Amino acid sequence: ENTIEAGDDESAEVDALREKMQDANDLGVELTEESTKTTPDSAKITELQNKATELQKSIIADVTALEAKVKAAPAS
C-alpha cells in the first residue's frame with residue numbers, strides 16, 4: 001500500500017492542499033453569509049463564486065498530481 005508519510009517531500013504539498021481546502025471552506029461560509037443577507041451584494045457573490053471556482057480547480061489539480069505521485073511511489 002502506498003502512503004504519503006510525514007516528512008516525505010510530499011508533506012509540504014499535502015499541507016498546501018489542506019490549506020487550500022480550508023480556504024475553500026472559508027469561502028463557502030463567506031458566500032453563504034453574503035447570500036443570506038437581507039440585501040445580498042450580487043457583485044460580491046459573483047466575486048466569491050469565481051474565487052471558489054478557481055480554488056476548486058487548483059485543488060483538483062493538486063489532488064490529481066498527488067495521486068499520480070502516490071501511484072508512482074514504490075510500495076513499502
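Being a predicted model, the structure only gives us computed values, none of them experimental. If you read the sequence from its start, that first residue is 1, and numbering goes on from there.
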Original post:
Just how far is it from atom OG of S35 to atom CD of Q49, taken to the nearest 0.5 Å?
Top reply: 7.0 Å

Original post:
E13 versus D62: any side-chain heavy-atom pair under 4.5 Å?
Top reply: no

**OP:** Look at E54 together with K57 and state whether they make a salt bridge at an N to O cut-off of under 4.0 Å.
**Re:** yes

Subject >> Interatomic spacing from NZ in K44 to CG in L31 - rounded to 0.5 Å >> reply: 10.0 Å

Original post:
Do E33 and K37 pass the side-chain contact (heavy atoms from CB on, under 4.5 Å) test, and can you show the C-alpha distance, the side-chain angles, and the key distance before you say yes or no?
Top reply: CA-CA 6 Å; E33 289 173 348; K37 285 183 178 177; 5.8 Å; no

Subject >> Approximate separation, where rounding is to 0.5 Å, of Q56 CD and L27 CG >> reply: 10.5 Å

**OP:** Mind checking the CD1-OG1 spacing from I59 to T64? Nearest 0.5 Å is all I need.
**Re:** 11.5 Å

Original post:
Less than 4.0 Å between a side-chain N and a carboxylate O, is that true for D23 and K20?
Top reply: no

Original post:
What distance separates L55 CG from I60 CD1, expressed to the nearest 0.5 Å?
Top reply: 10.0 Å

Original post:
Looking only at side chains, do D26 and Q22 share a donor and an acceptor under 3.5 Å apart?
Top reply: yes

